Chemist: 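One structure is given below, represented as structure tokens, and several questions about it will come after.
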Amino acid sequence: MQQPLVITIDGPAGAGKSTLGALLAERLGYLYFDTGVMYRALTLVALQAGLDLTQPEPLEALAQQVLIEVVPPTQSDGRQYTVLTDGQDVTWAIRSPEVERGVSLVARYPAVRRELIRQQQQIGLRGHVVLVGRDAGTVVMPDAPLKIYLEASLDERARRRTQERSGDEAQPLEDVRSAIARRDSLDAHVLRPAPDAVILQNDGLTPEDEVAWIMDYIARHG
Ligand SMILES: Nc1ncnc2c1ncn2[C@@H]1O[C@H](COP(=O)(O)OP(=O)(O)OP(=O)(O)O)[C@@H](O)[C@H]1O
Ligand SMILES: Nc1ccn([C@@H]2O[C@H](COP(=O)(O)O)[C@@H](O)[C@H]2O)c(=O)n1
């Protein structure tokens with residue numbers, strides 16, 4: 001396989017998509033774009049505006065109005081990128097528990113998805129991009145030459161997330177596990193591998209193992 005111009009990485013919450021996506025993009029010199037950021041940013045703006053997340057129409061209108069930008073990091077505080085909504089830095093705010101609870105509800109509305117997918121496709125069509133999400137390979141970029149579907153067991157995903165969150169953010173493993181399971185269930189409507197996706201189960205693998213595996217896959221399918 002020639003170096004694919006678009007690589008998609010999909011899979012459930014906490015499977016390691018962002019970690020792998022960023023590492024792979026860096027290795028290839030590609031743009032890394034996490035589509036989940038857009039759903040999170042829209043959810044945050046909706047919560048800030050006091051919208052009821054069970055009512056689709058105002059959210060659909062908001063999706064058309066709000067300017068969501070993802071730009072290279074503007075601060076050295078561990079961020080992979082900076083996220084702006086109408087010019088305001090919301091990079092860390094979109095990771096809050098409130099957003100985490102609401103985002104999968106917002107992402108279920110078809111008109112919201114249509115608008116955000118349209119914007120994601122504009123980024124994907126530029127090429128030289130690793131696009132990460134739930135439907136990047138099935139809907140956003142169905143013609144991508146390399147599609148990866150990342151899987152990890154629920155226990156492993158909960159363990160990783162619990163390890164990641166320490167100090168003020170620490171949560172019991174069982175709570176983290178339930179929150180991930182809830183998101184899996186709400187996301188089930190989009191969560192499936194593309195028919196031509198490569199399925200990578202990563203329990204017991206490191207992100208570096210995965211990158212090596214993918215680079216080898218690209219070389220072997222030349
Ligand atoms: N083999 C692995 N591949 C990727 N991530 C791993 C791996 N092993 C451990 N991790 C860790 O798992 C955690 C979750 O990874 P990450 O945030 O990339 O998941 P995600 O799929 O993007 O999640 P979400 O959909 O919730 O944004 C991170 O702390 C990451 O360092
Ligand atoms: N292509 C996508 C990406 C994300 N979502 C929804 O957003 C939530 C947050 O995504 P993260 O990857 O940042 O965890 C996710 O749980 C989905 O509800 C989506 O629908 N499609």
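Remember, it's 1-based here, ligands and their atoms both numbered in the order they're listed. A quick note: this is a predicted structure, and the numbers were derived from the prediction, not measured.
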Chemist: Looking at side-chain heavy atoms only, is the closest gap between Asp10 and Val132 below 4.5 Å?
Modeler: no
Chemist: With a 4.0 Å cut-off on heavy atoms, is Arg157 in contact with ligand 1?
Modeler: no
Chemist: Check this for me - ligand 1, Leu205, N or O atoms closer than 3.5 angstrom, yes or no?
Modeler: yes
Chemist: Could you check atom 5 (N) of ligand 2 against the protein and tell me its nearest heavy-atom contact, residue, atom and distance included?
Modeler: Tyr39 CD1, 3.6 Å
Chemist: Among Arg95, Arg160, Gln163, Lys17, which residue places a heavy atom closest to atom 11 (C) of ligand 1?
Modeler: Arg160
Chemist: Note the single closest protein heavy atom to atom 18 (O) of ligand 1, along with its residue, its atom name and the distance in Å.
Modeler: Thr19 OG1, 2.6 Å
Chemist: Which bit of Asp135 gets closer than 4.0 Å to ligand 2, counting heavy atoms only: side chain, backbone, both or neither?
Modeler: both
Chemist: Should you measure from each heavy atom of Thr35, which atoms of ligand 2 turn up under 4.0 Å away?
Modeler: 1 (N), 2 (C), 3 (C)
Chemist: Hey, looking at atom 3 (N) of ligand 1, which of Glu210, Arg183, Glu156, Glu208 has the closest heavy atom?
Modeler: Glu210
Chemist: Quick check on Arg192: does its CZ atom have over 12 non-hydrogen neighbours (other residues, nucleotides or ligands) under 6.0 Å away?
Modeler: no
Chemist: For a quick test of reading the model, state the closest non-hydrogen atom pair linking Ala158 to Val176 and the distance between them.
Modeler: O-CG1, 3.8 Å
Chemist: Return yes if a side-chain donor-acceptor contact under 3.5 Å exists between Thr138 and Asp135, otherwise no.
Modeler: no
Chemist: How far is atom 12 (O) of ligand 2 from the closest protein heavy atom, and which atom is that?
Modeler: Arg134 NH1, 2.9 Å
Chemist: Short list, please: which atoms of ligand 1 are under 4.0 Å from a heavy atom of Pro207?
Modeler: 1 (N), 2 (C), 3 (N), 4 (C), 7 (C)
Chemist: Looking at atom 21 (N) of ligand 2, what's its closest protein heavy atom, distance included?
Modeler: Arg113 NH2, 3.0 Å
Chemist: Measure the distance from atom 13 (O) of ligand 2 to every protein heavy atom, then report the residue, atom name and distance (to 0.1 Å) of the closest one.
Modeler: Arg40 NE, 2.7 Å
Chemist: Tell me which protein heavy atom sits closest to atom 18 (O) of ligand 2, plus the residue, atom name and distance to 0.1 Å.
Modeler: Asp187 OD1, 2.6 Å
Chemist: What are the atoms of ligand 1, with element, lying closer than 4.0 Å to any heavy atom of Glu164?
Modeler: 13 (C), 14 (C), 28 (C), 29 (O)
Chemist: Any side-chain heavy-atom pair from Val112 and Leu42 closer than 4.5 angstrom?
Modeler: yes
Chemist: Looking at every heavy atom in both Gly87 and Glu69, which two are closest together, and how far apart are they?
Modeler: N-OE1, 4.5 Å
Chemist: Do Ser153 and Asp155 meet the criterion of a side-chain donor-acceptor pair at a distance under 3.5 Å?
Modeler: no
Chemist: Side-chain contact, heavy-atom cut-off 4.5 Å: Trp92 with Asp77?
Modeler: yes
Chemist: Below 3.5 Å, N or O to N or O, backbone or side chain included: is there any such pair between Ala15 and ligand 1?
Modeler: yes
Chemist: Which of the atoms of ligand 1 are close to Thr206, meaning less than 4.0 Å from one of its heavy atoms?
Modeler: 1 (N)
Chemist: For atom 22 (O) of ligand 1, find the nearest protein heavy atom and state the residue, atom name and distance (0.1 Å precision).
Modeler: Ser18 OG, 2.3 Å
Chemist: Give the contacting part of Asp34 toward ligand 1: side chain, backbone, both or neither, where contact means a heavy-atom distance below 4.0 Å.
Modeler: neither
Chemist: Classify the ring geometry of Tyr30 against His128: parallel below 30°, tilted from 30° to 60°, perpendicular beyond 60°.
Modeler: perpendicular
Chemist: Which atoms of ligand 2 have any heavy atom of Ala107 under 4.0 Å away?
Modeler: 6 (C), 18 (O), 20 (O)
Chemist: Hey, is Arg134 touching ligand 1 through its side chain, its backbone, both or neither, going by heavy atoms under 4.0 Å?
Modeler: side chain
Chemist: Could you tell me the residue and atom name of the protein heavy atom closest to atom 8 (C) of ligand 2, and the distance to it rounded to 0.1 Å?
Modeler: Val103 CG2, 3.6 Å
Chemist: Tell me the closest heavy-atom pair linking Gly124 and Val129, and the distance in Å.
Modeler: O-CG1, 3.7 Å
Chemist: N/O to N/O below 3.5 Å, does that happen between Arg40 and ligand 1?
Modeler: no
Chemist: Write out the residue and atom name of the closest protein heavy atom to atom 14 (O) of ligand 2, then the distance separating them to 0.1 Å.
Modeler: Arg183 NH1, 2.9 Å
